[in-house]
Amino acid sequence: MDKLITLDRFILEQERLFPHATGTFTGLIQNIAFAAKVISREVNKAGLVDILGYTGYKNVQGEEVQKLDVFARNVLYNALCHTGQLCVIATEEDENIVPIPEEYPQGKYVALFDPLDGSSNIDVNVSIGTIFSIYRRISKAGPGTVEDCLQKGTEQVCAGYIIYGSSTMLVYTTGAGVHGFTLDPSIGEFVLSHENMKIPLRGKIYSANEGNYKYWKKGTRKYIDYLKSSDNHLKKPFTLRYIGSLVADFHRNLLKGGIFLYPEDTKDPKKPFGKLRLLYEANPLAFIIENAGGKASTGYERILDIKPEDIHQRVPLIIGSREDVELYEEFARENVEK
Ligand code: P6P
């Protein structure tokens, strides 16, 4: 590859498209990329050091916390809290918003993270990921607020993820296309490898945990049955690919086309809207998929239009190729018919 375009070079060239850019946002993305390199190093040697396994306590979600979860959250916090780029942080691992210490400048951006999604897969060496979502603050000055974190997904200025897989990739959008960078460990740089990523209009793959089938509503079950029949629009059954790691399932479908479904289910009365979180899972991936020509909804409404009420709010997530998501939405009407 004769022309290495690093992430730094790419974002600086993008910054020049915005005459009023101050470079703060560029610095923010660079700091997230730095944190990703540190997390990638730890993830890739996780089996060799005492960073596998559980911490012995549960997070705000009531889920077992992996040592790497905590590590990833702390790496992101330490890379960003002192930079003067942020006024507040919120993460899956923190019950409440995380203020920027008073000794540091309060910046104009808000960062929301799932520091290490798919952590139940860490110990079995399955790809996992970091998901991030960036907003401009709406509060005027001083420490950021909960309201700064509870903006609609349409207000995102940037969203992205890092997937720690066979290679480490950073994929992000600022609304001007979706671009992928692969970490070259020999030079320690993210290098442009997938410029202007677009998801196929329809796919042949579906991703869902069929173990929940009996808990799904009627329209959802009918859609899955349709995909598995030979009478569907492909005239052959869809392929099921489900890794159980959202970033890995999302990334494959972004490249190959297809639909990921985590619908609402009746499995857990405490989680009637499914398992995935709006702020730091559904919204950033929805911003990415729409900028790649795809679609993201709850089955009933556009993810990005939802006004968040709580930083850990859960939503059903149906995301991927536009025509596949739209077909699901037709089936899902039966779920809400009186
Ligand atoms: P289930 C991982 O724990 C995660 O949050 C996502 O990465 C993944 O898509 C989902 O949960 C898998 O959930 O219920 O199928 O195991």
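Every number for a ligand or one of its atoms is a count from 1 in the order of the listing. The residues of the chain are indexed from 1 along the displayed sequence.
The stretch residues 240-261 participates, sequence neighbours left out, in these salt bridge (Lys or Arg N to Asp or Glu O under 4.0 Å) pairs: Asp249-Arg252.
For the pair Arg277 and ligand 1, the shortest N or O to N or O distance does not fall below 3.5 Å. Backbone and side-chain nitrogen or oxygen atoms of Asn212 are examined, and none is located within less than 3.5 angstrom of a nitrogen or oxygen of ligand 1. For a threshold of 3.5 Å applied to N or O pairs, the pair formed by Asn209 and ligand 1 contains at least one separation below that value. An N or O contact shorter than 3.5 Å is missing between Leu276 and ligand 1 by distance.
Set against the non-hydrogen atoms of Tyr242, the atoms of ligand 1 under 4.0 Å away are 1 (P), 12 (C), 13 (O), 15 (O). The atoms of ligand 1 that sit less than 4.0 Å from any heavy atom of Leu246 are 6 (C), 7 (O), 8 (C), 9 (O).
Note on ring orientation: taking the six-membered ring where Trp is involved, the planes of Tyr104 and His82 are perpendicular (angle over 60°, cut-offs 30° and 60°).
His233 has its ring centre less than 6.0 Å from the ring centre of Phe238.
The side-chain heavy atoms of Thr6 and Ile187, taken from C-beta on, include no pair separated by under 4.5 Å.
Counting only non-hydrogen atoms, the option in Glu92, Glu210, Lys275, Lys271 that gets closest to atom 4 (C) of ligand 1 is Lys275. Comparing Gly211, Ala208, Ala248, Gly244 against atom 8 (C) of ligand 1, the shortest heavy-atom distance belongs to Gly244.
The ring-ring contact (aromatic ring centres under 6.0 Å, His included) test with Tyr161 singles out one residue from Phe132, Phe250, Tyr280, and that residue is Phe250.
Residue Leu304 shares its hydrophobic cluster (ILVMFWY side chains chained together at separations under 4.5 Å) with Phe287.
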